[in-house]
Amino acid sequence: MDRGSRAPVDYRRRSQSGHESMRWSKAFIPTLREDPADAEAISHKLLVRGGFIRQLAAGSYSMLPLGQRVRRKVSEVIRGEMDRIGGQQMHLPALHPAEIWQRSGRWYDIADDMFRLKDRKGTDHVLGMTHEEIFASLATELFSYRDLPQIWYQIQTKFRDEPRPKSGLLRVKEFTMKDSYTLDIDEPGLDSGFDKHREAYFRIFRRIGLDPVAVEASSGIMGDGESVEFMMRSPAGEDWIITCDGCDYRANVETATSALEDIADGESSGLERFPTPDLTTIKALAEAHPETAAADHQIKTLVYYVGEEPVLLLLRGDHELQEQKLKDRLRSEDVRPGQPDEIRELLGADPGSLGAVGVEGVRVLADLALQGRENMVTGANEDGWHYSGVDLERDANVGEWVDLRAVEDGETCAVCGATLSRWKGVEIGHIFKLGTKYSKAFEAFVQDEEGVSHPIIMGSYGIGVERAMAAVVEANNDESGIIWPVSVAPYEVVITVIRPDDEVTMAAADALYDELVEAGVEVLLDDRDERPGVKFADAELIGIPYRVTVGPRGVESGALELVERRGMEKSEAPLAEVSGELVEVITAARFGV
RNA sequence: CGGGACGUAGCGCAGCUUGGUAGCGCGCAGCGUUCGGGACGCUGAGGUCGCCGGUUCGAAUCCGGCCGUCCCGACCA
């Protein structure tokens, strides 16, 4: 380093409090004036523009200083609430030997979502996408009912080879998850741990500035017990949620049901073939034969493959298949629509003329809405021909009657009869009753009072930290930028210095800074040599909850301007009272609502 | 995986149709004037035009392949 010519350090500009100043001029906060071209979601745009995150690759983001501070605070809120319900924090490896996943079977059940790699010896490993296996193997060191219940958790990096990362932090390949696990000897214990988590999740989300809706959900690959998702309304959401306007029925469309009105089938005329040249859609057929083939009088026939096995799915003509329901019913994730050539080979016709009438040797699943219906219209498995007068019970080999259809907006609630609404939500948390799948696989058994062994009953509970952080932004922003709740704000106060080159002004700002820091407030001192407009705009963009403006004008008059980011309401306070006022309002808000 | 779009300076973009060795705005550096809501002047730095190959005297531009990123559909915290 060049010693001789270096200018002496200007000690007057350093904080007197002994704390290291967080001066904006020295901070790495790369704000952008324009929206990044590849961002769509509001949280994605604002987090990049505000200098919180930068993309490294698709679904892979660096947390810059501001982003890391928010992430840490979100984690802390979660940690506090987990501890409050008796959770014990651990930290497990992210790198797992394949063996442990083979033991639970998920090595084989999970297809491409899991990152797999080999070590130098050629041994298979995975990057953990969740940690049921590891916790279950630790649970083998529990032996007695006296050891239960346990709540174990960690806040750890998860890896998922997402087919389609998107929307900034909302869907990524590497993220931090708080995952907790309850270990109980019986169902009431599981219920209790589950309820504790439900309550804790509401507290967590409300504290960080979200308004969660708990909905009934499908468990997917996790198991088949009860499962509740915490959703936040947002256009950036990827799930459709059905909620009742009249009662508290709330469900993901993946499991949602509704009440259907009865449809008059009319006089049954008996099975009859009729020509339908060039009529290959439900709509076209309905228009050509409005009196007999209205959409809700047709049977929609879909060919799906479960692994190698073809399955015929029958739905009412105006209904849509909900694929997750099919997967849950079939207990398989390996479910896909048939290819045109496969379909032709199976049924002898192209999509548009398919039906289940007379089909032998193929598994047929029919939707509940078709049960008891007669006088329907369906394809005859010959291009250009359909059947009328179809009575499924009589004319087809329906193996199972199951719920397969997707509920639509405006349908009727099966519980109370009111109207159902459908809206988009971001999944910010998910809690599952796992049961004994993993404890059995890992032989995690405990003995009861009588000395009888029981597999431990597990529950599994997740919150995506960065996703929650993005959700907070989705829910808390305006045209100027982010509006962080105090509970997770990267800084609580920003002191905007209007003329940092003016010694008196800068000294006043430094003094205020010291006072606030002494009082334990997290302050960012904007001492940059920028025009006021730039500083105001940046402060609003990064969303600091409170701003104090310190300029020659205010210092001279003895009254400083105070602005609350939410609502942008301005007030004035005597210079000597500013810090006291801020400390009061911030202390009150810090814990979150 | 299927469909669509894009890839040129840190960011946002033009140039490509009609080949001649790269330009605009913002940002950045220096100097000066400014300074309570994204200032102005002057000077300047910064680019393997995603990668590989082909056509051509000559390729950001034409052709082929690959890679990457985003968006729309099927998956999950």
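Chain letters run A, B, ... following the sequence lines, proteins first, then strands; residues in each count from 1.
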Contacting residues from residues 544-558 of chain A, given that a heavy atom lies under 4.0 angstrom of RNA chain B:
A:R547, A:T549, A:G551, A:R553, A:G554

Near RNA chain B, which residues from residues 50-75 of chain A have a heavy atom under 4.0 Å away?
A:Q55, A:A57, A:A58

Would you mind classifying the nucleic acid contact of [X] as base, sugar-phosphate or nothing, using non-hydrogen atoms under 4.0 angstrom?
X      : result
A:R164 : base
A:G533 : sugar-phosphate
A:V563 : nothing
A:E323 : sugar-phosphate
A:K178 : nothing
A:D538 : base

Consider only side-chain N and O atoms of [X] and [Y], and report whether a donor and an acceptor are under 3.5 Å apart.
X      : Y      : value
A:S180 : A:H197 : yes
A:H44  : A:K166 : no
A:E174 : A:T157 : no

Interatomic distance, [X] [atom1] vs [N] [atom2] [rounded to whole Å]:
X      : N      : atom1 : atom2 : value
A:D161 : B:rC76 : CG    : C1'   : 13 Å
A:L321 : B:rA74 : CG    : P     : 11 Å
A:K325 : B:rA74 : NZ    : P     : 15 Å

Roughly how far apart, to the nearest Å, are [N] and [M] at atom [atom1]?
N      : M      : atom1 : result
B:rC49 : B:rG7  : C1'   : 10 Å
B:rU48 : B:rC11 : P     : 14 Å
B:rG23 : B:rU55 : P     : 29 Å
B:rC26 : B:rA9  : C1'   : 12 Å
B:rC51 : B:rG47 : P     : 14 Å

Which base, if any, makes a Watson-Crick or G-U wobble pair with B:rU33, both distances under 3.5 Å?
B:rA39

Mapping A:Q322 and A:K570 to their closest nucleotides on RNA chain B, which lands nearer the 5' end?
A:K570

Given that A:S167 and A:T31 both sit by RNA chain B, which one's nearest nucleotide is further toward the 5' end?
A:T31

Contact under 4.0 Å: A:K166 side-chain N or O vs B:rC72 OP1/OP2
yes

Classify the ring geometry of A:H96 against A:W101: parallel below 30°, tilted from 30° to 60°, perpendicular beyond 60°.
parallel

Taking atom [atom1] of [X] as the centre, does the number of heavy atoms from other residues, nucleotides or ligands within less than 6.0 Å exceed 12?
X      : atom1 : value
A:D112 : CG    : no
A:E320 : CD    : no
A:E345 : CD    : no

Which protein N or O atoms sit under 3.5 Å from an N or O of nucleotides 45-51 of chain B?
none

Centroid distance under 5.5 Å and plane angle under 30°, A:F175 vs B:rA77:
yes

Which donor-acceptor pairs under 3.5 Å do the side chains of residues 205-215 of chain A make with protein atoms, sequence neighbours left out?
{"residue": "A:R207", "atom": "NE", "partner": "A:F591", "partner atom": "O", "Å": "2.7"}
{"residue": "A:R207", "atom": "NH1", "partner": "A:E81", "partner atom": "OE2", "Å": "2.9"}
{"residue": "A:R207", "atom": "NH2", "partner": "A:F591", "partner atom": "O", "Å": "3.4"}

Contact pattern, 5' to 3', of nucleotides 9-15 of chain B - B, S or - by protein heavy atom under 4.0 Å
---SS--

For the side chain of A:E40, counting heavy atoms from C-beta on, which of B:rC71, B:rG37, B:rA77 is nearest?
B:rC71

Using the rule given for salt bridge (Lys or Arg N to Asp or Glu O under 4.0 Å), can you reason through A:E76 versus A:K73, listing the C-alpha separation, both sets of side-chain angles and the distance that settles it, and then say yes or no?
CA-CA 5 Å; A:E76 276 305 294; A:K73 287 195 173 182; over 6 Å; no

Could you write out each protein N or O paired with an N or O of nucleotides 31-35 of chain B at a distance under 3.5 Å?
{"residue": "B:rU34", "atom": "O2", "partner": "A:R531", "partner atom": "NH2", "Å": "3.1"}
{"residue": "B:rC35", "atom": "O4'", "partner": "A:R531", "partner atom": "NH2", "Å": "3.0"}
{"residue": "B:rC35", "atom": "N4", "partner": "A:D501", "partner atom": "OD2", "Å": "3.4"}

